[in-house]
Amino acid sequence: TYITDACTPTVRHVSGTLTGDTTLGGDLCTSAYIVDGTLYVPVGTRLFVKPGAVIKFNGNLGYPAAVSVAGSLDVQGTTEDPVIFTSTTDDTAAGDTNIDGPSSGSVVYGTAIAFVDGAQISVTHADIRYFYYPMRSLRQGSTSAESGHVSLTKSRFSGYPGQTEI
């Protein structure tokens, strides 16, 4: 007899403030995570994103969408399974998760990854699509985290004019 734990892949909506270390990805029953508004990673908390995770942002709710980091963000995609940050209107990643019919994506008014001083951010093999600001410091006039660390390698920004690979 052959028995498997079967599930129907579904989307999980995430937002608000993390209350402890959290992992996204690696769950065969989740096809995508939808960020409705802001997902806040406070000081002393870590958000780990596994290879192949698809994180979509619903920036059409009247306020910007973002993963806002004061603590630690560790995004570890691979060449074969990059982590994808994109718009809910991008059906090329995890399908039509907003159930509005075929779409190839539109720009999200917001930031995929926002950070403050002291944040610890490591992003490897990520595909960040359709964001007005793919990554941004919340410190006015700054693109770096003072007293923190921001590392972005083997990743790309696309879907908005002037964006490139890093």
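Note that the numbering runs from 1 along the sequence shown for the chain.
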Can you spot which of F57, F157, F85 makes a ring-ring contact (aromatic ring centres under 6.0 Å, His included) with F131?
F57

Identify, with sequence neighbours excluded, every residue that meets side-chain contact (heavy atoms from CB on, under 4.5 Å) alongside T124.
Q76, S122, T153

To the nearest 0.5 Å, how far apart are [atom1] in [X] and [atom2] in [Y]?
X    : Y    : atom1 : atom2 : result
R12  : D27  : CZ    : CG    : 6.5 Å
Y130 : S158 : OH    : OG    : 6.5 Å
F115 : R136 : CZ    : CZ    : 10.0 Å
T23  : D74  : OG1   : CG    : 9.5 Å
D91  : T97  : CG    : OG1   : 7.0 Å
I113 : L152 : CD1   : CG    : 7.5 Å

Is it the case that one hydrophobic cluster holds both [X] and [Y], taking links as side-chain heavy atoms less than 4.5 Å apart, direct or via other members?
X   : Y   : value
I34 : V67 : no
V14 : F48 : no
V11 : L47 : no

Can R129 and T92 be counted as having a side-chain donor-acceptor contact under 3.5 angstrom?
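Distance-only check passes for R129 and T92.
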
Can you find a side-chain donor-acceptor pair between K56 and T88 that sits under 3.5 Å?
no

Quick check against the 3.5 Å criterion: does [X] have a side-chain atom that pairs as donor or acceptor with the backbone of [Y]?
X    : Y    : answer
T30  : A32  : no
T22  : G20  : yes
T78  : D81  : yes
D96  : G101 : yes
S155 : A126 : yes

Hydrophobic cluster (4.5 angstrom, side-chain heavy atoms) - remaining members for Y40:
none

Show the nearest heavy-atom pair for residues [X] and [Y], with the distance to one decimal.
X    : Y    : answer
I128 : P134 : CG2-CB, 3.8 Å
P42  : T17  : CG-CG2, 3.9 Å
S151 : H149 : CB-NE2, 3.4 Å
A93  : V54  : CB-CG1, 4.0 Å
G25  : A53  : CA-CB, 4.0 Å
T38  : S68  : CG2-CB, 3.8 Å

Carboxylate-amine/guanidinium contact R156 D127, below 4.0 Å
yes

Report yes if the side chains of [X] and [Y] come closer than 4.5 Å at any heavy-atom pair, otherwise no.
X   : Y    : value
K50 : V75  : no
V69 : I121 : yes
I84 : I55  : no

